Every structure is written in C-alpha cells, then in structure tokens.
Engineer: 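Here it is, the structure in full.
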Protein chains: 2
Amino acid sequence: MYRKADLSPILEELDATDGLDGLQAVSAGLRDALSIDHIVYHWVDSAGDQYGCGTYPEDWIQRYIDKQYLRVDPVIVGCFQRFHPVDWKAVDWSGKAAREFLTDALDNGVGNQGYSIPVRGPSGQFALFTANHNCSDEEWSEFKEIYGHDLILIAHYFNRKALDFEENRAPQPVRALSPREVDALTFLALGYSRAQVAHSLSISEHTLRVYIESARFKLGALNTTHAIAKALSQGLIVM
Amino acid sequence: MYRKADLSPILEELDATDGLDGLQAVSAGLRDALSIDHIVYHWVDSAGDQYGCGTYPEDWIQRYIDKQYLRVDPVIVGCFQRFHPVDWKAVDWSGKAAREFLTDALDNGVGNQGYSIPVRGPSGQFALFTANHNCSDEEWSEFKEIYGHDLILIAHYFNRKALDFEENRAPQPVRALSPREVDALTFLALGYSRAQVAHSLSISEHTLRVYIESARFKLGALNTTHAIAKALSQGLIVM
DNA sequence: ATTACCCTCGCTATTTCTGGGGAGTGGAAA
DNA sequence: TTTCCACTCCCCAGAAATAGCGAGGGTAAT
C-alpha cells in the first residue's frame with residue numbers, strides 16, 4: 001500500500017538548515033514526503049517556556065498555549081515517563097481532562113493517530129517529535145513499520161538543531177558549582193539534614209551553610225529547595 | 001577505504017534479543033561488523049548504580065568501578081551536559097584527573113578514538129552508547145561519516161532494550177501523586193515558601209502541609225527537599 | 001453501601017533553616 | 001604579584017518547616 005519515499009534529500013536539507021524557521025520548512029517538506037497530515041516538533045525548556053515548529057494550524061497552537069494544555073496533554077505526560085517512541089494509542093486517555101483535550105484536538109485539525117519520540121535535554125529540556133495523521137489503526141501500523149527508523153533518525157536531527165538554537169538563544173551564564181557545593185546540594189537532595197550533611201562531608205555545619213548559600217546565589221535560587229530543584233533540573237547534580 | 005557493512009542483521013538480532021546478556025552478544029557482533037575495537041553500552045540509574053555491556057576488557061571495567069572513574073570520566077561529564085553525539089576529541093581533557101584517567105584507559109586496551117551517544121531516561125537514568133577504536137583522526141572521521149546514522153539508530157535500540165530490562169528489574173511501586181500534591185511540590189520546587197504556595201493555591205497553609213506530608217509519604221522521602229528531588233528526578237513534577 | 005482516596009481546615013511544641021555579620025588559608029590564574 | 005575564588009570556621013536572632021494529634025465532606029469504584 002505504502003511505498004517508501006526517499007528521505008535523503010530531507011536529511012540533507014535538515015543538515016543544512018538553521019534555526020526554527022528552517023526546521024519549520026523541513027517539517028512541511030517531511031510531511032509531504034511522508035504523505036501524512038502533520039509533523040510537529042515541540043520543545044519545553046526548564047523554565048517551562050515552550051516553543052516549536054511544525055505543521056499544526058496556528059489556531060490550534062495558540063489554543064494549546066492559551067489553555068495550558070501542556071499540563072493536560074497525555075502524550076506529553078506519558079512521554080515524560082518514557083524514553084522510547086510512544087504511539088498515541090498507548091498513552092493514558094482516561095481522565096476527564098484528557099478526553100476533553102482529545103476532542104478539542106480532533107476538532108482543530110489534529111489527526112487521530114500519532115507517534116511521538118521524546119528526548120530529554122541536559123538542562124531539563126524536554127522535546128517531542130511527532131508524526132500525526134488521520135487514518136485507521138492498520139494504515140498507521142504500516143506507516144510506523146516503514147518509517148519508524150527514519151523518524152528516530154530525523155527526530156535526532158531536529159533535537160540537535162533545536163539545541164543549537166537554544167544554546168545560541170540563551171547562552172547560559174551559569175558559573176559552575178564548586179565541588180563542595182555539588183557535594184552539599186547532592187546530599188541535601190538525598191534527604192539529609194544540614195547536620196547530617198556536615199557530618200558526612202566532615203565539615204562544620206557553618207561551613208556547609210556557606211556552600212549552600214553560595215550555591216543558592218549562583219543558581220539565583222530563592223531558597224535551598226529551589227536551589228536543589230534548579231541544580232537537578234539543570235543536570236548540575238545527580239541523585 | 002572503508003566499505004559500509006550491512007547492519008540489518010545486527011538490527012534484527014537487536015530486535016529479537018532480551019536482557020543485558022543479549023545486548024552483550026550484540027555488542028560483540030556489532031564490533032566485528034564495524035571492524036572497530038569496542039562497542040560499549042554504559043548505564044547509570046538515578047541511584048548511582050551503573051551497569052552495562054560491551055567489549056571492554058573485564059579488567060578495565062572493574063578498574064573503572066573501583067576507582068570511581070564515573071565521577072572523573074570527561075566523556076560522562078561532557079555528555080551529561082549535551083544531548084547529541086560527542087566525539088571524544090571534543091570533550092574537556094584539561095584537568096589532572098581527566099588526563100590521568102585517559103592514560104589509564106589507554107593502558108588498559110581502550111582505543112584513543114571514541115564516539116558516544118548520550119541518552120537521559122525519565123527517572124534520572126543516563127546511558128551512553130560508545131564506539132571506540134584505535135586509529136588516526138582521519139580514519140575516525142571516515143568511520144563516523146559512514147556509520148554515524150547507524151550508530152544513532154542502534155544506540156536507540158540499545159536504550160530501548162536496556163529500559164525494558166530496567167523496568168523488569170525494578171518495577172516501580174510508586175503510587176501517583178494527586179493533582180494537589182503535584183501542585184504543592186511544583187510550587188515548592190519553584191522556590192515559593194509554604195505561605196506563598198498556600199496563597200497561590202488558595203488553600204490554608206495547614207491543608208498545604210497535609211499535601212506535602214502525603215507526598216513525602218508516597219515518595220518515601222525523608223523531608224520536603226528530598227520529596228521534591230525525588231519527584232523531579234522521577235519526572236512526576238516539572239519546573 | 002462500604003471502602004478508599006482526595007480535598008479542606010484546625011492547634012501546639014520543637015527542630016531546622018535563613019540572613020546578617022566577620023576572618024583566615026591556600027591555590028590558580030592574570 | 002596581585003587578585004580572585006574555593007575552602008574552612010564562628011555567633012546570633014528571627015523565620016520557617018516538621019511532627020504529632022484530630023475532623024468532616026466529596027467522589028468514585030467495588
């Protein structure tokens with residue numbers, strides 16, 4: 001039924017492109033090459049800002065943002081817990097909000113079938129590359145069978161380009177945490193009290209406090225919990 | 001100079017395999033197919049436990065663990081901040097510990113050239129798929145040119161298999177957080193004080209405390225900071 | 001209809017954290 | 001050589017979080 005399209009020109013275009021506008025153009029080309037309804041790349045950074053590119057109707061994108069669907073969308077929620085590609089049929093659509101979201105999406109030009117490839121970035125970014133189409137389950141299986149590998153590769157390219165863009169957009173002025181600061185925050189993240197951390201690091205609690213404060217300052221955090229949350233979501237510490 | 005090998009049997013084998021032992025076997029097959037020295041898959045979970053598979057000598061693996069090279073290895077450190085493939089030449093080898101590590105690695109059968117593809121998992125896992133070889137820069141560039149795409153795809157398969165293994169190994173008994181608990185932890189992670197969070201959620205501070213406590217309990221956390229760190233690194237809340 | 005979980009509110013005492021000071025050493029970079 | 005930064009130690013007062021108790025209404029599933 002399907003015949004596999006040659007995607008190498010798309011890959012080359014993707015290689016040569018730059019910025020979100022370029023990715024937008026590639027999305028459209030890819031959609032046409034694959035003969036499906038939509039290709040969407042959606043990106044959420046650690047600050048909760050989202051942007052992306054793709055072929056969804058403007059109306060729907062605006063609606064998605066306005067209604068804060070990010071917090072509802074079961075594809076986002078589901079993918080956030082995984083790291084392999086997810087078919088939309090496989091995510092949890094139970095729950096009132098999710099079903100309402102689905103209805104709204106279908107009413108706004110989104111196809112009923114979807115295949116999303118998630119990626120997590122080093123600073124808490126989260127991106128989703130999605131192929132979307134309106135068709136039967138059988139057709140969709142066939143599509144995935146044929147293009148599954150290519151989609152993974154293309155998603156990878158999108159991520160790379162988007163990250164380059166992100167790095168240019170917001171060059172991180174974060175000064176790295178010192179080793180002791182990392183130690184301190186790490187132990188705190190593990191649930192130790194200041195007294196326990198100080199003991200574990202064999203330093204006085206006062207000294208420990210200096211580290212915590214300086215880490216808080218460097219991270220621009222309002223309090224210790226905030227500092228740890230920031231450090232964690234930016235990959236500066238690991239639990 | 002190189003001629004591209006047909007990797008489809010490897011992909012099929014990879015598809016059919018199961019568990020770490022299977023991946024180990026595939027690694028060896030892949031190494032042979034690619035005519036390079038080593039293929040290694042290395043996995044670190046949120047608890048800091050590491051395991052993996054590949055063709056590195058046993059001695060070196062043991063040494064890596066014993067000497068806690070995980071915290072020193074510039075490839076790990078570098079990849080942790082990125083999300084696209086990284087050539088070993090591109091990571092930061094300045095610093096005494098890093099140089100000593102390199103010397104030790106080369107002495108233990110590790111090739112001088114490497115290409116590593118990082119992936120972050122939903123629960124703070126971090127995995128690295130690495131191709132390693134001993135050759136000149138020119139040869140290595142050629143290798144990457146030819147097999148770069150395939151490596152990305154294969155890395156993806158490894159990740160998928162490893163995650164399946166991980167999920168079987170440690171089935172998550174976590175009960176989901178309730179919406180209010182998510183709200184509470186999210187605001188706390190953003191640095192708000194309890195009073196501010198209570199006000200933002202339009203509930204009394206006492207009620208808020210109940211949420212925090214029950215979230216703490218569900219997450220098996222020692223204190224609020226711990227709960228937030230766990231929730232964040234398990235992807236239960238987003239900043 | 002019972003069970004279970006979610007949401008909401010209350011009190012008190014104790015422990016812990018935060019913010020404001022100041023001071024000295026050593027190492028690495030400019 | 002100077003300058004910056006990481007690392008270490010100290011005091012105190014006020015603010016915030018924690019532990020322990022208890023209570024009632026709503027909704028959804030069994």
Side-chain angles (χ1 to χ4, degrees), chain A residues 92-100 173-231 236-237, chain B residues 71 92-99 173-231 236-237:
Chain A
D92 179 21
W93 293 99
S94 70
K96 204 174 128 200
R99 282 191 303 270
E100 284 175 5
V174 278
R175 212 177 347 154
L177 298 175
S178 79
R180 280 315 226 184
E181 286 158 0
V182 172
D183 292 341
L185 294 191
T186 302
F187 277 111
L188 288 175
L190 292 171
Y192 295 161
S193 70
R194 295 209 305 205
Q196 288 174 309
V197 176
H199 183 251
S200 300
L201 296 177
S202 305
I203 55 176
S204 79
E205 204 177 322
H206 305 282
T207 304
L208 173 68
R209 237 184 48 197
V210 175
Y211 296 145
I212 300 172
E213 271 168 34
S214 98
R216 247 200 334 255
F217 177 75
K218 284 182 183 172
L219 294 168
L222 297 166
N223 53 44
T224 303
T225 301
H226 193 199
I228 285 157
K230 279 196 162 194
L236 298 172
I237 62 171
Chain B
R71 305 257 170 199
D92 178 23
W93 292 99
S94 70
K96 204 174 130 201
R99 282 191 302 271
V174 279
R175 209 179 350 155
L177 298 175
S178 79
R180 282 314 227 186
E181 287 159 0
V182 172
D183 292 341
L185 294 190
T186 302
F187 277 112
L188 288 174
L190 292 171
Y192 295 165
S193 70
R194 297 209 304 203
Q196 289 173 307
V197 176
H199 182 251
S200 301
L201 296 177
S202 306
I203 56 175
S204 79
E205 206 177 320
H206 303 282
T207 303
L208 173 68
R209 238 182 46 197
V210 175
Y211 297 145
I212 299 172
E213 273 169 30
S214 99
R216 246 200 334 254
F217 177 75
K218 284 183 183 173
L219 294 168
L222 297 166
N223 53 44
T224 302
T225 301
H226 193 199
I228 285 158
K230 280 196 161 195
L236 298 172
I237 62 171

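From a predicted model like this one, the values you see are computed outputs, not experimental measurements. Proteins come first, then strands; the chains are lettered A, B, ... in the order of their sequence lines, and each starts at number 1.
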Engineer: D:dC5 P sits how many Å from A:Tyr211 OH, rounded?
Structural biologist: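 Roughly 16 Å, once rounded to whole Å.
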Engineer: Tell me which one of B:Leu190, B:Thr186, B:Leu188 satisfies side-chain contact (heavy atoms from CB on, under 4.5 Å) with B:Val197.
Structural biologist: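 When B:Leu190, B:Thr186, B:Leu188 are each tested with B:Val197, the side-chain contact (heavy atoms from CB on, under 4.5 Å) holds only for B:Leu188.
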Engineer: NA contact type, A:Thr224, heavy-atom cut-off 4.0 Å: base, sugar-phosphate, or nothing?
Structural biologist: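 Since only primed, P, OP1 and OP2 atoms lie under 4.0 Å of A:Thr224, the category is sugar-phosphate.
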Engineer: Return no unless some side-chain N or O of A:Lys218 is found under 4.0 Å from OP1 or OP2 of D:dC5.
Structural biologist: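 No, no such contact exists.
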Engineer: Going by salt bridge (Lys or Arg N to Asp or Glu O under 4.0 Å), name the pairs with one or both residues in residues 202-211 of chain B, residues two or more places apart or in two chains.
Structural biologist: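 Non-adjacent pairs meeting salt bridge (Lys or Arg N to Asp or Glu O under 4.0 Å): B:Arg194-B:Glu205, B:Arg209-B:Glu213.
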Engineer: Rounded to the nearest Å, what distance is computed from the CG atom of residue A:Leu222 to the C1' atom of nucleotide D:dA15?
Structural biologist: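 It works out to 15 Å between those atoms.
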Engineer: Could you tell me how far apart B:His226 (NE2) and D:dA17 (P) are, to the nearest whole angstrom?
Structural biologist: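 It is 19 Å, rounded to the nearest whole Å.
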Engineer: Considering residues at least two apart in sequence or located in another chain, which fulfil the side-chain hydrogen bond (donor to acceptor under 3.5 Å, both in side chains) criterion with A:Ser200?
Structural biologist: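 Counting only residues at least two positions away or on another chain, A:Ser200 forms no side-chain hydrogen bond (donor to acceptor under 3.5 Å, both in side chains).
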Engineer: Could you pull out every donor-acceptor pair under 3.5 Å between side chains of residues 176-184 of chain A and any protein atom, sequence neighbours left out?
Structural biologist:
| residue | atom | partner | partner atom | Å |
| --- | --- | --- | --- | --- |
| A:Ser178 | OG | A:Glu181 | N | 3.3 |
| A:Ser178 | OG | A:Glu181 | OE1 | 3.4 |
| A:Arg180 | NH1 | A:Asp183 | OD2 | 3.4 |
| A:Arg180 | NH2 | A:Leu201 | O | 3.2 |
| A:Glu181 | OE1 | A:Ser178 | N | 2.8 |
| A:Glu181 | OE1 | A:Lys218 | NZ | 2.8 |
| A:Glu181 | OE2 | A:Ser214 | OG | 2.2 |
| A:Glu181 | OE2 | A:Lys218 | NZ | 3.4 |

Engineer: Give every residue pair that meets the ring-ring contact (aromatic ring centres under 6.0 Å, His included) criterion with at least one member in residues 191-216 of chain A, sequence neighbours excluded.
Structural biologist: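 Sorted result for residues 191-216 of chain A: A:Phe187-A:Tyr192.
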Engineer: From CD1 of A:Ile212 over to P of C:dC17, roughly how many Å is that when rounded to an integer?
Structural biologist: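 Answer to the nearest Å: 8 Å.
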Engineer: Let me know the distance between CD of A:Glu213 and C1' of C:dT16, rounded to the nearest Å.
Structural biologist: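 Roughly 14 Å, once rounded to whole Å.
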Engineer: Specify the separation, in whole Å, of atom CZ of B:Arg180 and atom C1' of D:dG26.
Structural biologist: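 In whole Å, D:dG26 C1' and B:Arg180 CZ are 14 Å from each other.
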Engineer: Who are the side-chain hydrogen bond (donor to acceptor under 3.5 Å, both in side chains) partners of A:Thr207, not counting sequence neighbours?
Structural biologist: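 A:Thr207 satisfies side-chain hydrogen bond (donor to acceptor under 3.5 Å, both in side chains) with A:Ser204 once adjacent residues are dropped.
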Engineer: Between C:dT15 and A:Ser193, is there an OP1 or OP2 to side-chain N/O distance shorter than 4.0 Å?
Structural biologist: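 It does not, given that no N or O in the side chain of A:Ser193 lies less than 4.0 Å from OP1 or OP2 of C:dT15.
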Engineer: What does the list of N/O pairs under 3.5 Å between the protein and nucleotides 23-25 of chain D look like, with a distance for each?
Structural biologist:
none

Engineer: Taking the nucleotide of DNA chain C with the nearest heavy atom to each, does A:Asn223 or B:Glu181 sit closer to the 5' end?
Structural biologist: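 First, find each residue's nearest nucleotide; the 5'-ward one identifies B:Glu181.
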Engineer: Please find the pair of heavy atoms, one from A:Ala231 and one from A:Leu219, that lie closest to each other, and give the distance.
Structural biologist: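 So the minimum-distance heavy-atom pair works out to CB-CD1, 4.1 Å.
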Engineer: Are A:Ser178 and D:dC5 close enough that a side-chain N or O sits under 4.0 Å from OP1 or OP2?
Structural biologist: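 Answer no for this pair, as no side-chain N or O of A:Ser178 is under 4.0 Å from OP1 or OP2.
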Engineer: Starting at CZ of B:Phe217 and ending at P of C:dC6, how long is that distance when rounded to a whole Å?
Structural biologist: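 Distance, rounded to whole Å: 12 Å.
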Engineer: Return the set of residues passing side-chain hydrogen bond (donor to acceptor under 3.5 Å, both in side chains) with B:Arg216 (not counting sequence neighbours), or none when no residue passes.
Structural biologist: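 If we apply the side-chain hydrogen bond (donor to acceptor under 3.5 Å, both in side chains) test to B:Arg216, skipping adjacent residues, the hits are B:Thr224.
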Engineer: Closest heavy-atom contact between A:Ala229 and B:Ala189?
Structural biologist: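 Closest pair (atom of A:Ala229, atom of B:Ala189, distance): CB-O, 3.4 Å.
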Engineer: Using a strict heavy-atom distance below 4.0 Å, which residues from residues 195-209 of chain A are in contact with DNA chain C?
Structural biologist: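 Hits under 4.0 Å, by residue number: A:Arg209.
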